[in-house]
Protein chains: 2
Amino acid sequence: MNQKSDKTEEKILEAAKSVFLKKGMEGARMQEIADEAGINKALVHYYFRSKEKLFTAIFTNVITYAFPKISKILLSDSDIITKIEQVIDAYIGVLLKHSYIPGFLMKELNRDPSGLFKIIAKYGFNPEPVIGAIQKEMDEGRIIQMDPRHLIVNIISMCVFPFAARPIVQYVGFRDDPVATQHFLEERAEVLKKFIVNAIVIKQKE
Amino acid sequence: MNQKSDKTEEKILEAAKSVFLKKGMEGARMQEIADEAGINKALVHYYFRSKEKLFTAIFTNVITYAFPKISKILLSDSDIITKIEQVIDAYIGVLLKHSYIPGFLMKELNRDPSGLFKIIAKYGFNPEPVIGAIQKEMDEGRIIQMDPRHLIVNIISMCVFPFAARPIVQYVGFRDDPVATQHFLEERAEVLKKFIVNAIVIKQKE
DNA sequence: GTCTATATCATGATAGAC
DNA sequence: GTCTATCATGATATAGAC
């Protein structure tokens, strides 16, 4: 492999990721990607024939990154509470480091979800075992009875939404102060763990 | 006022709302709006000088609609639990009827939140009284102690996110079955009320 | 592989007839 | 007020020199 080729391709991918995450498929401009990569516009087309193909490459990369091995954690040997706490830490940790991801995904999934579908189908993600594992814990009386799907959606919602809706949270909740907002989001892992555990554990009578 | 003018303007607004909600500012095409209104493209520009102006009209309309009088409910005379239940019913009710709104708002707020800021500033929405009211209930021992902001964000997250992320919920959770997904979303008001009440009420020892 | 120049096309916006 | 025709711009994509 050519050294120059490798470096350029990498630069393009990095620039494309940055631009696509901020602007989305329709808002992004090939010129901007080229500029950010420090090369010519035509060269972007030389490596990735079209904007569509370049976007798909980035989208796939982001999706596979944003779908961490949640199911692996949930299917481990730990008890349900530990699993949930680990999932929350994992989710919030990723979101704190890559805060553009939720907004980007919301944008693109409402535009055209077919890309996501293909990737999920390819990786064969299946929620049934997770649902079954949660149901078992409920049947054994460790946590309250409820539809496991709703529990899963509740947890993911509380993790992801504040990041996806960050501009609103910042403006309405913190008078547009980005530092206070960041601090608020950093607190969320601890807050959520307490909140969810309190919501679902069955308290033993002493 | 001219009758013809009124009807045409109304038709344009209706068409624009439909197209903008589905495609967003950058995805929408003036041609498509004209087609859906059953008129000529030039006529859209005759009524609303630019795409930007037309979008602002729609955006303002949607925002003022999507921000229901949540704070009014929260500041009423009812106890905190009743208030929360009313807010959840109000939120889910609106979202079930206008399911495009969350996706649209997520998209546009991550693109350019300044439009939202102007509108909120104009309407003078202020979260402080709501936060204060919740804090009071906590101090009086009716619900558990936690940062009221986190509680508010938790509630809104669990209401809105499943609608904003509907394509994912449908594909991952329900094998892309829209009927099952719709049913799931309709259940959420009842599920959420139980879940949140269980999470925050302080159980009295008998 | 990398660049400049250009083809091609789509879109927002306007001019001008009726 | 409404239409047809057209402009002006800006974007993707390609051709061809180096």
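Hydrogens, waters and symmetry mates are skipped; everything else that's a heavy atom, side chains included, is used.
A sub-4.0 Å separation between OP1 or OP2 of D/dT2 and a side-chain N or O of B/T8 is present. Taking 4.0 angstrom as the limit, B/R29 places a side-chain polar atom (N or O) nearer than this to OP1 or OP2 of C/dG12. A/H45 has no side-chain polar atom (N or O) that falls below the 4.0 Å cut-off from OP1 or OP2 of D/dT14.
For A/Y46, taking side-chain heavy atoms from C-beta onward, the closest of the listed nucleotides D/dA13, C/dT2, D/dT2 is C/dT2. Candidate nucleotides D/dT4, D/dA13, C/dC3 were compared by shortest atom distance to the side chain of B/N40, and D/dT4 ranks first. Closest to the B/A42 side chain, of the nucleotides D/dT14, C/dT14, C/dA13, is C/dT14. Closest approach to the A/I39 side chain among C/dA15, D/dA13, C/dC3 is made by C/dC3 (side chain taken as heavy atoms from C-beta onward).
Side chain of A/K51 to main chain of A/A28: a donor-acceptor pair is present (N/O by atom type, distance under 3.5 Å, no hydrogens or angles). Side chain of A/T56 to backbone of A/E52: a donor-acceptor contact under 3.5 angstrom is found.
What separates CG of B/L43 from P of C/dC18 is a distance of 18 Å, to the nearest Å.
Nucleic acid contact for A/A28: sugar-phosphate only, since backbone atoms but no base atoms lie under 4.0 Å from a heavy atom of the residue.
Taking the six-membered ring for Trp and the full ring otherwise, the centers of A/F20 and A/F104 sit at least 6.0 Å from each other. Under the 6.0 Å cut-off for aromatic ring centres, B/F184 and A/H150 qualify, their centroids lying closer than that.
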